[in-house]
Asks: 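Take a look at the following structure, please.
Convention: sequence-line order gives letters A, B, ...; per-chain numbering from 1.
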There are 2 protein chains.
Amino acid sequence: MVEECATTRLRPRDRIAGAARDLFHRHGIRGIGVDAIAEAAGTNKMTLYRHFGSKDDLIIQCLRDVALEAEHWWVELETDHPGDPLAQLHAWIAGCAECVFGDDRGCDLANAAVELAETDHPARRVIEEIKTKQRNRLANLCREAGIAQADLLADTLSLLLEGARVSRQSVGVEGPSAKFVRMCEAIIASFQNPKSAERRREAPAMAAN
Amino acid sequence: MVEECATTRLRPRDRIAGAARDLFHRHGIRGIGVDAIAEAAGTNKMTLYRHFGSKDDLIIQCLRDVALEAEHWWVELETDHPGDPLAQLHAWIAGCAECVFGDDRGCDLANAAVELAETDHPARRVIEEIKTKQRNRLANLCREAGIAQADLLADTLSLLLEGARVSRQSVGVEGPSAKFVRMCEAIIASFQNPKSAERRREAPAMAAN
DNA sequence: CTAGGGTGTGACCGGTCTGTATCTTCCGTG
DNA sequence: CACGGAAGATACAGACCGGTCACACCCTAG
């Protein structure tokens, strides 16, 4: 399929970006070199550097492409369940489950944040920006679905997803990730129950956390 | 503080292991070289290779040391709240929160799994083994605390913790991780409520997930 | 005092990495 | 056909990587 990526005559820039995304995802950012990317894209390093000024630029482009794909998925959710935010939320969970179980590498954004440890790496700003946007999007969906504590639910689901994808990398699908859907559904149900909401409000003295 | 690690006259092997843990943690495994580790340990590469056959061996030793430290923390929980598993569980949450908020890099085990993408890397078996052990330990604690669906609670808390630590790396402490304690406490409360347990059981048709 | 094991030192090897320079080839447009 | 810009090919620079070798050193045990 790498071959296909090279033969389907896209423009070199897109072939490079595509190959880079695939290889970064599978081998990690630091685990693959620009030369291998260029070769997988059916081109060479020189052309790569003519389109992307540096490996960092290429990394950032890939992260933005990931975000774009997620963006498309969000509109897909909406067209599949028009005017039914609750159904969209359940579809969101199902889609996330597909991500978790259908792929043994986690979220490219989170992985990049782990790999690029330098706090001033240019990709970090991009990662934060995208993740924040996605978080807000999920919170909006929860709000539209009539959840009272929408932000808290969105953040809980975010952490569960993030945790499921990283746990899947450490211990595999049989680990805690296996119950991802069940957890999410249960928590949504709990948020829809007014009694539970009350408990959530009164519970912690240190509500700041 | 690196200096201190070098001057406090531990044996070279321990100094190397300590420096490696610190540098791996801060810069990532692939982000630091054996030479830098040896220098930080106040010794040299040759001595490093006399004690650890390869960088991979050193990595594995560091991961085992991380596990050992966690092990100590578990017994600490028990001695701090003897015979009170529920208090231990709450203390576990508080301790995890310290980890999440007091350190801008995530879990060394999870990070290593991200960085070492090759599926046959020797460290992967170690990571899986340790993570599984910790998962079982948490499940046992939940069981001892009288939680009905102890395994499900333990897995949920595991994912929340894993997610909080990785999310903290991507979007910082102001992100979803900020509500980590509140989420955990609310979920425990929900698991202690029999009505909620009922809901969790009946909820998903695809209970396998 | 001596022997030997653990340690420090620096050079070195082969490989890989990002990034660049140079030159040729190709292809679409006018 | 002629031209110009995009792309391919290749070699190279400079740095860093993991890992090894040879040798000098020191400290302790006998």
Side-chain angles (χ1 to χ4, degrees), chain A residues 2-3 5-24 26-63 112 115-118 120-124, chain B residues 2-3 5-24 26-63 112 115-118 120-124:
Chain A
V2 170
E3 204 52 52
C5 173
T7 51
T8 55
R9 283 290 111 180
L10 293 167
R11 308 185 57 199
R13 188 180 207 281
D14 299 324
R15 295 193 332 251
I16 292 168
R21 263 194 67 184
D22 178 47
L23 292 174
F24 283 156
R26 290 194 344 235
H27 305 290
I29 290 174
R30 306 192 95 129
I32 205 78
V34 287
D35 234 332
I37 293 171
E39 194 190 336
T43 178
N44 54 22
K45 199 164 48 163
M46 201 55 239
T47 302
L48 186 151
Y49 274 101
R50 273 194 279 253
H51 286 285
F52 306 91
S54 67
K55 188 183 182 182
D56 282 350
D57 285 1
L58 180 55
I59 292 167
I60 288 173
Q61 185 58 56
C62 287
L63 297 179
E115 287 201 89
L116 309 174
E118 313 104 90
D120 59 343
H121 193 289
R124 295 202 139 263
Chain B
V2 170
E3 204 52 50
C5 173
T7 50
T8 55
R9 282 288 113 180
L10 293 167
R11 309 189 58 194
R13 187 179 208 281
D14 299 324
R15 287 179 355 233
I16 292 168
R21 267 194 63 183
D22 179 47
L23 293 174
F24 284 155
R26 288 188 352 227
H27 301 104
I29 289 174
R30 308 190 93 131
I32 204 77
V34 287
D35 235 333
I37 293 170
E39 193 190 338
T43 177
N44 53 23
K45 199 163 48 164
M46 201 55 240
T47 302
L48 187 153
Y49 275 101
R50 275 193 277 252
H51 285 285
F52 306 92
S54 68
K55 188 183 183 183
D56 282 349
D57 285 2
L58 179 56
I59 292 167
I60 289 174
Q61 184 60 54
C62 286
L63 296 179
E115 287 201 88
L116 308 174
E118 314 105 90
D120 60 344
H121 193 288
R124 294 202 140 264

Asks: Separation of B:Arg50 atom CZ from D:dA22 atom C1', in whole Å?
Replies: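 Result: 11 Å.
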Asks: Is B:His51 near enough to C:dT7 that one of its side-chain N or O atoms lies under 4.0 angstrom from OP1 or OP2?
Replies: yes
Asks: Using a strict 4.0 Å threshold on nitrogen-to-oxygen distance, state whether B:Asp22 and B:Arg26 make a salt bridge.
Replies: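 Yes.
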Asks: With hydrogens left out and only the distance checked, is there a donor-acceptor pair under 3.5 Å joining B:Lys45's side chain and the base of D:dG19?
Replies: yes
Asks: Output the rounded distance in Å from OH (A:Tyr49) to C1' (C:dT20).
Replies: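 Those two atoms, OH and C1', are 10 Å apart.
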Asks: Classify the nucleic acid contact of A:Ile32 as base, sugar-phosphate or nothing, counting any heavy atom under 4.0 Å across all strands shown.
Replies: sugar-phosphate
Asks: Over how many whole Å does the gap from A:Leu23 atom CG to C:dT18 atom P extend?
Replies: 12 Å
Asks: Which whole-number value in Å describes the distance from B:Arg30 CZ to D:dC17 P?
Replies: 13 Å
Asks: Specify the separation, in whole Å, of atom CD1 of B:Ile16 and atom P of C:dG6.
Replies: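 From B:Ile16 CD1 to C:dG6 P: 14 Å.
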Asks: Would you kindly give the CZ-to-C1' distance between B:Phe24 and D:dC17, to the nearest whole Å?
Replies: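 Nearest whole value for this atom pair: 13 Å.
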Asks: Please name the pair of heavy atoms, one in B:His27 and one in B:Ile32, separated by the smallest distance, quoted to 0.1 Å.
Replies: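 Smallest heavy-atom distance, with atoms named: ND1-CD1, 3.8 Å.
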Asks: Side-chain N or O of A:Thr43 versus OP1/OP2 of D:dA7: is the shortest distance under 4.0 Å?
Replies: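 Looking at the OP1 and OP2 atoms of D:dA7, neither is under 4.0 Å from any side-chain N or O of A:Thr43.
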Asks: What's the shortest heavy-atom distance between B:Phe24 and B:Leu58, and which atoms?
Replies: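 Heavy-atom minimum between the residues: CE1-CG, 4.3 Å.
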Asks: How close do B:Asp56 and B:His121 get, heavy atom to heavy atom, and via which atoms?
Replies: OD1-NE2, 3.1 Å
